[in-house]
Asks: 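Structure in structure tokens, see below.
What you see is a predicted model; the values in this text were computed from it and never measured.
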Amino acid sequence: MRLRALLETEALGLRLLGGEDELDRTVRGVMTTDLRDPSRYLSGGELVLTGLAWRRDASDSEPFVRILAGAGVAGLAAGEAELGDIPADLVEACLQHRLPLFAVHETVAFATITEHVVRQVSGERAGDLAAVVDRHRRLMTSGPAGGGPEVVLDLLTSDLDLRAWVLSPTGRQIAGAGAPLPGALGAALAGRHLAATRTGRRGPHRAAVAGTTYSLFPIRNTGRGAAPAARDVRESVLSDWLLAVEADASDWPAARLDLLQGVTQLIAVERDRRDAARTVRRRLAQEVLELVQAGAAPAEIAARLRVAAPVLLPGLGAAPQWQVVVARVDWTATDTPGPGGVPGGIAGGPAAQALLEEILVDPAVSGPDSADRIAVAHTGEEAIALVPLPAVPTPLPDTVGGPTDTTGDTAGTAETAAAPESGEPAAAQDPALHADALLAAVREPLSAGLADDGRLTLGVSAAVHSAEGLRGALEEARHARRVAAARPGRVCAAGHHELASHVLLLPFVPDDVRRAFTARLLDPLRDYDRRHRAELIETLEAFLDCDGSWTRCAARLHLHVNTLRYRVGRIEQLTGRDLSRLEDKLDFFLALRMS
């Protein structure tokens, strides 16, 4: 606003004492002070209000006005309540430094002037920014992106003094103005946003974290050409970006809320543009996946990988290692059939695909382009990622050229690579993905988005060096995901190293098979224990835990060896099994674990 507008507002009770030629100065803010030197709190363009408490005699006026003029303030308004008339020495000093001077009537409170100026300045800034945003929208929709989300966020900061960040559904920073948002804070804000979205409340959502209030706006493209809106919030809740603004929007006027909604539209258009760029990587992953699942010749798969490598790892001289990651999002079924006959009306494949693309990005890396080397396809309800890995140190001589095992991995994987000559451990340079590490930074916000009716399970394969290993890696990742699915919790993961023990296969045994198997072996022993209190089940467990050692088992149970031999003989008699045979020991071991 202009200084001239203050004189035209009768309710402010201002009277011009000097500086009529400077009334077209722009007022950018207001400050009340009675400090002798307020320069440290001035940034230029303010209307300074003062009660003249700083003035002891006439010699104080000129230094005070000189400081204000040097700071570039727009004008000075002095109250008449303290001294009555404004001192002539102050009027003279303002004329000398060409600083407009106003007298404030004693019946007018400084708060009234402050409120008026702030309201006018904020309204004009919002209007100016809206015009800039509108121009930017036209640029973005009619041609190449006009600088990305950062441009709009910079405008919010410079013109409306609003700090804002664009966050992914896991809380990773996509864009921001000024200092980056700490990772833990981003995850907390994303979790609050997802939780509020799942309740069905419309944004913006208010969130207070560590004593600071934020307003969280969903980023969705609702303009012409946008994808149809999701019929169920669960279809998009785990893939939508959000705009976090460091302010409480609950008392904002409608005009400012509309402005922020326009900002989210701009960012949504930009996101759609970048999502379209993922099409090539998704198609590459889909083609490789189809070849692998169809049992294509390794040479054909290798040729396709050679095409994919420059896209996923530009500048890399040789084909890298590969890992496979499988993810699945499951929602509690309802009676309503959905796309493809999926119960609950939600197709999990596309949601898992978008989510896996986000999870595989290093959480410490910001920016929307950090997922450019990730290729994720989806088939049915699964999302499958083909993840290229940079080269690892040369394997030890005795591991080179090892045969491919049943998982498709070779002996010379990243886990068995030798340490480099520098002496740094190989584990420190291992580029392979690890299941727990993938979910560590995203478990909290994703759990909020999944609420009490959704689950995310994820499995990670070992690294493989060639096309021959991809089929085994895919099966390995799928088995690992099933292990994760057997665990409690909303967000679970398992890696290939967790498939080494047959005990982890037990959750996949059907319940009816489990009951029949354990009943056939253990029910005769339980019945005998109930009738005779013989403790045969306890004896069997101890005997197997001691690897069939008579002396160690007798010592653990505080029994004589002959007593132990009698009990084991009774177990063999009741079940028809022989505990000296490995197969029978294994059957008893599994039965006890499944019971």
Asks: Hey, does Phe102 have a side-chain heavy atom less than 4.5 Å from the side chain of Leu7?
Replies: yes
Asks: Anything under 3.5 Å between a donor and an acceptor, one on a side chain of residues 58-73, the other on a protein residue two or more places apart or in another chain? List them.
Replies:
unit_1 : atom_1 : unit_2 : atom_2 : d
Ser59  : OG     : Asp57  : OD1    : 2.4
Asp60  : OD1    : Arg36  : NH2    : 3.3
Asp60  : OD2    : Arg56  : N      : 2.8
Asp60  : OD2    : Asp57  : N      : 3.3
Ser61  : OG     : Asp89  : OD1    : 2.4
Glu62  : OE1    : Arg66  : NE     : 3.4
Glu62  : OE1    : Arg66  : NH2    : 2.9
Glu62  : OE2    : Arg66  : NE     : 3.2
Glu62  : OE2    : His97  : NE2    : 2.8

Asks: Are the side chains of Leu17 and Ile86 in contact, using a 4.5 Å heavy-atom criterion?
Replies: yes
Asks: Closer than 3.5 angstrom, by distance alone: can the side chain of Thr50 be matched with the main-chain N or O of Asp34 as a donor-acceptor pair?
Replies: no
Asks: Does Gln96 CD have over 12 foreign heavy atoms under 6.0 Å away?
Replies: yes
Asks: Would Leu446 and Ile359 count as a side-chain contact (heavy atoms from CB on, under 4.5 Å) if you check the C-alpha gap in whole Å, the side-chain angles of each, and the deciding distance to 0.1 Å?
Replies: CA-CA 10 Å; Leu446 293 185; Ile359 290 173; 4.1 Å; yes
Asks: Which distance, rounded to the nearest 0.5 Å, do you find between the OG1 of Thr197 and the CZ of Arg234?
Replies: 14.0 Å
Asks: When you measure from the side chain of Glu46 to the backbone of Gly44, do you find a donor-acceptor pair of N or O atoms at a distance under 3.5 Å?
Replies: yes
Asks: Got a donor-acceptor contact below 3.5 angstrom from the Thr112 side chain to the Val108 backbone?
Replies: no
Asks: Please examine the side chains of Leu450 and Leu194, heavy atoms only from C-beta on, and report whether any two atoms are closer than 4.5 Å.
Replies: no
Asks: State whether a side-chain donor-acceptor pair under 3.5 Å links Asp248 with Thr213.
Replies: no
Asks: Say whether, by atom type as modelled, one donor and one acceptor occur between the side chain of Gln323 and the main chain of Leu386 under 3.5 angstrom.
Replies: no
Asks: Can Val387 and Trp322 be said to form a side-chain contact (heavy atoms from CB on, under 4.5 Å), step by step?
Replies: CA-CA 6 Å; Val387 183; Trp322 303 90; over 6 Å; no
Asks: May I ask you to decide if Thr170's main-chain N or O and Ser168's side chain share a donor-acceptor pair within less than 3.5 Å?
Replies: yes
Asks: Of all heavy-atom pairs between Ser239 and Arg271, which one has the smallest distance, and what is that distance?
Replies: O-NH1, 2.5 Å
Asks: Decide yes or no on side-chain contact (heavy atoms from CB on, under 4.5 Å) for Leu260 and Leu243, but give the supporting numbers first.
Replies: CA-CA 9 Å; Leu260 265 293; Leu243 177 67; 3.8 Å; yes
Asks: Does the side chain of Thr26 come under 3.5 Å of the side chain of Arg2 through a donor N or O and an acceptor N or O?
Replies: yes
Asks: In Å, rounded to the nearest 0.5 Å, how long is the span from NE2 of His116 to CG of Leu47?
Replies: 10.5 Å
Asks: Give a yes or no on this: more than 12 heavy atoms of other residues, nucleotides or ligands lie within 6.0 Å of atom CG of Asp24.
Replies: yes
Asks: So Leu456 and Arg328, side-chain contact (heavy atoms from CB on, under 4.5 Å) or not? Walk me through it.
Replies: CA-CA 6 Å; Leu456 167 67; Arg328 182 178 175 119; over 6 Å; no
Asks: Using only heavy-atom distances, determine whether the side chains of Glu444 and Ser447 contain a donor-acceptor pair under 3.5 Å.
Replies: no
Asks: Is the shortest heavy-atom distance from the side chain of Leu3 to the side chain of Pro100 under 4.5 Å?
Replies: yes
Asks: Given the rule in the salt bridge (Lys or Arg N to Asp or Glu O under 4.0 Å) test, do Arg172 and Glu358 qualify, once you have shown the distances and angles that lead to the verdict?
Replies: CA-CA 9 Å; Arg172 184 177 60 88; Glu358 172 61 27; 3.0 Å; yes
Asks: Is the CD atom of Glu92 crowded by more than 12 outside heavy atoms at less than 6.0 Å?
Replies: no
Asks: Counting N and O atoms only, with roles assigned by atom type, does the side chain of Arg98 sit under 3.5 Å from a partner on the main chain of Gly19, one being a donor and the other an acceptor?
Replies: no
Asks: Please determine which of Leu216, Ile174, Val166, Ile267 meets the side chain to side chain contact (heavy atoms under 4.5 Å, CB included) test together with Leu242.
Replies: Leu216
Asks: So do Phe217 and Trp241 actually touch side chain to side chain, heavy atoms under 4.5 Å?
Replies: no
Asks: Kindly indicate whether the side chain of Pro38, heavy atoms from C-beta on, has any atom under 4.5 Å from the side chain of Leu42.
Replies: yes
Asks: Does any non-hydrogen side-chain atom of Arg282 lie less than 4.5 Å from one of Val376?
Replies: no
Asks: Testing the basics here: between Ala244 and Leu167, what is the closest heavy-atom pair and its distance to 0.1 Å?
Replies: CB-CD1, 4.1 Å
Asks: In the structure I gave you, are the side-chain heavy atoms of Leu101 and Leu95 within less than 4.5 Å of one another anywhere?
Replies: no
Asks: Verify, without hydrogens or angle tests, whether Gln173 (side chain) and Leu181 (backbone) share a donor-acceptor contact under 3.5 angstrom.
Replies: yes
Asks: How far apart are the closest heavy atoms of Ala249 and Ser215, and which atoms are they?
Replies: N-OG, 2.8 Å
Asks: Between the side chains of Asp452 and Arg490, is the shortest nitrogen-to-carboxylate-oxygen separation below 4.0 Å, so that they form an ion pair?
Replies: no
Asks: Out of curiosity, Arg455 CZ to Cys492 SG, how far, rounded to the nearest 0.5 Å?
Replies: 4.5 Å
